[in-house]
Amino acid sequence: MMFTHADGNPVLELDDEQSWKLLEATSHGRLVVSVAGEPDIFPVNYLTSDRKIYLRTAPGNKLAQLTINSRVLLETDGILSDEAWSVVLRGTARVLTSSAELAAVEELGLKSWVPTLKDFYVEIVPTSVSGRHFELGDQPEREI
């Protein structure tokens, strides 16, 4: 198991350090944006650096929506044979524009998974992070 659960509880609330450990070890997730009360979700690959999230994108709905409403959510998770986890990061997104910022993020080596042109780099500065770890198993019998 990745984490020790106390008192036999199959659900463990992760602290910030545990949540970041999982975020840093993962490179895929889902980006949630919302404009005019309409949420949308996009699969993304990302990387972390200095407790920030970076991703690349092309012109389209994702870029337009996070430009209109910079408040976003990133969710990532993992499932193994006997355990699973989920981390949710809330934050503020912005498109990087200065040559210094672009040079710095290009040094990180973020590559797109899909062979398309993704010329825009997005930085997400977190406002909160939360996570849960699950020990998998059969549902117990209800006590009568």
Side-chain angles (χ1 to χ4, degrees), residues 1-97 101-143:
M1 287 287 165
M2 290 181 191
F3 302 104
T4 303
H5 293 225
D7 303 323
N9 189 341
V11 180
L12 172 66
E13 296 289 329
L14 301 176
D15 62 28
D16 284 1
E17 290 301 317
Q18 293 167 319
S19 294
W20 273 103
K21 178 181 175 183
L22 293 171
L23 278 168
E24 291 166 351
T26 307
S27 61
H28 64 281
R30 283 148 300 283
L31 180 70
V32 179
V33 296
S34 181
V35 174
E38 289 294 322
D40 211 345
I41 188 167
F42 300 93
V44 295
N45 66 292
Y46 70 90
L47 57 75
T48 64
S49 179
D50 296 326
R51 295 268 169 122
K52 295 177 186 173
I53 302 289
Y54 294 94
L55 58 99
R56 294 178 74 163
T57 191
N61 287 342
K62 180 185 351 166
L63 182 62
Q65 290 175 17
L66 67 83
T67 302
I68 293 168
N69 180 4
S70 63
R71 303 289 300 147
V72 299
L73 183 143
L74 179 87
E75 190 273 342
T76 187
D77 51 36
I79 302 171
L80 302 171
S81 62
D82 59 347
E83 62 186 319
W85 56 268
S86 177
V87 174
V88 174
L89 178 139
R90 288 173 174 76
T92 304
R94 70 182 184 95
V95 177
L96 300 180
T97 56
E101 290 174 325
L102 292 170
V105 76
E106 284 181 359
E107 290 278 323
L108 298 175
L110 177 60
K111 303 289 184 203
S112 174
W113 282 356
V114 180
T116 58
L117 295 175
K118 296 191 177 187
D119 295 327
F120 295 90
Y121 286 96
V122 175
E123 174 188 77
I124 302 172
V125 176
T127 55
S128 70
V129 62
S130 62
R132 296 191 301 166
H133 182 264
F134 311 97
E135 292 179 350
L136 303 180
D138 294 330
Q139 177 176 322
E141 294 294 323
R142 188 172 306 279
E143 295 182 25

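All values below were derived from every heavy atom in this structure, side-chain atoms included, with hydrogens, water molecules and symmetry-related copies excluded.
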Side-chain touch [X]/[Y], heavy atoms, less than 4.5 angstrom:
| X | Y | answer |
| --- | --- | --- |
| Phe120 | Thr67 | no |
| Leu66 | Ile124 | no |
| Val44 | Leu74 | yes |
| Val105 | Glu123 | no |

Which pairs, with at least one residue in residues 8-30 and sequence neighbours excluded, count as a side chain to side chain donor-acceptor pair (under 3.5 Å)?
->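 Qualifying pairs: Glu17-Arg51, Arg30-Glu75, Arg30-Asp77.
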Write out all pairs satisfying side chain to side chain donor-acceptor pair (under 3.5 Å) with one or both partners inside residues 103-113, taking only residues at least two apart or from two chains.
->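 Of all non-adjacent pairs touching residues 103-113, none passes side chain to side chain donor-acceptor pair (under 3.5 Å).
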Side-chain ([X]) to main-chain ([Y]) donor-acceptor, under 3.5 angstrom:
| X | Y | result |
| --- | --- | --- |
| Arg132 | Val11 | no |
| Thr76 | Leu23 | no |
| Glu83 | Met2 | yes |

Quick one: do Thr57 and Val95 satisfy side-chain contact (heavy atoms from CB on, under 4.5 Å)? Show the steps, please.
-> CA-CA 10 Å; Thr57 191; Val95 177; over 6 Å; no
More than 12 heavy atoms from other groups under 6.0 Å of [atom1] on [X]:
| X | atom1 | result |
| --- | --- | --- |
| Leu117 | CG | no |
| Arg94 | CZ | yes |
| Ile41 | CD1 | yes |

Atom pair OG (Ser130) and CG (Leu14), whose distance is rounded to the nearest 0.5 Å |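 CG of Leu14 is found 8.5 Å from OG of Ser130.
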Evaluate the criterion side-chain contact (heavy atoms from CB on, under 4.5 Å) for residue pair Asn69 and Val33; output intermediate values, then yes/no.
-> CA-CA 7 Å; Asn69 180 4; Val33 296; over 6 Å; no
Residues forming a side chain to side chain donor-acceptor pair (under 3.5 Å) with Tyr46, sequence neighbours excluded |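 Testing Tyr46 for side chain to side chain donor-acceptor pair (under 3.5 Å), a comparison that skips the adjacent residues, returns none.
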